[in-house]
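All values reported here derive from a predicted model rather than from experimental measurement.
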Amino acid sequence: RKTWEEAGGNCESIGGKLFDDLDGTKAQLDLMIHNMENLDEFYYIGISRLTASPDIYYKMDDSVINNSLIVWQRPTQPDRVHDEKTLALYPSDGRHGKYMHDVPGHWKISSICDLSSLT
């Protein structure tokens, strides 16, 4: 369990990056969820809101991600809370609702590393 910045550093230290290659489908997220050990925990991914604009999210390489590729846990984007600038996947339909949430980057939670560059 790490903060968002620590999680990004951890992924880099093992040759990857925080996962940021969303394709806009629940099928992609469900495949990741199928392989998760703990279904009652948030998992950071490599997408964040770095500016004051509430609707612009960035990948790890600082490119803007199309908002249509983010599958929110509700049909619309969440209400913006000032410190919730990083995205996390929640794998359960339980208490928080399945799929993407915006969360504070100081939370110590798990993360998803993209190690595809190692192959």
Exercise for the section: Find the distance between CD1 (I65) and CZ (R49) and round it off to the nearest 0.5 Å. Expected result: 14.5 Å

Handout entry: Flag side-chain contact, heavy atom, 4.5 Å: M36 against I112
Key = yes

Handout entry: CG-CG distance between D21 and D114, expressed to the nearest 0.5 angstrom
Key = 7.0 Å

Residues 6-13, side-chain donor-acceptor partners within the protein, below 3.5 Å, at least two apart:
from: E6; atom 1: OE1; to: T3; atom 2: N; distance (Å): 2.9
from: E6; atom 1: OE1; to: T3; atom 2: OG1; distance (Å): 3.4
from: E6; atom 1: OE1; to: K108; atom 2: NZ; distance (Å): 3.2
from: S13; atom 1: OG; to: N10; atom 2: O; distance (Å): 2.7

Exercise for the section: Determine whether F19 and M32 make a side-chain contact, defined as any pair of heavy atoms from C-beta on separated by less than 4.5 Å. Expected result: yes

Exercise for the section: Quick one: list whatever passes side-chain contact (heavy atoms from CB on, under 4.5 Å) with N35, sequence neighbours left out. Expected result: L31

Fill in the blank from the handout: Closest non-hydrogen atoms of T25 and Q28, given as atom of the first, atom of the second and distance, are OG1-N, 3.1 Å

Handout entry: Residues which pass salt bridge (Lys or Arg N to Asp or Glu O under 4.0 Å) with D40, listed by chain and number, not counting sequence neighbours
Key = R95

Practice task
Walk me through it: do V64 and Y58 pass the test side chain to side chain contact (heavy atoms under 4.5 Å, CB included)?
Solution key: CA-CA 4 Å; V64 174; Y58 297 87; 3.6 Å; yes

Problem - L118: hydrophobic cluster co-members (side-chain, 4.5 Å) - result: I14, L115

Problem - K17: partners by salt bridge (Lys or Arg N to Asp or Glu O under 4.0 Å), with sequence neighbours left out - result: D20

Completion exercise
Tracing side-chain contacts under 4.5 Å among Ile, Leu, Val, Met, Phe, Trp and Tyr outward from L18 reaches W4, F42, Y44, M60, Y90, V103, W107, I109

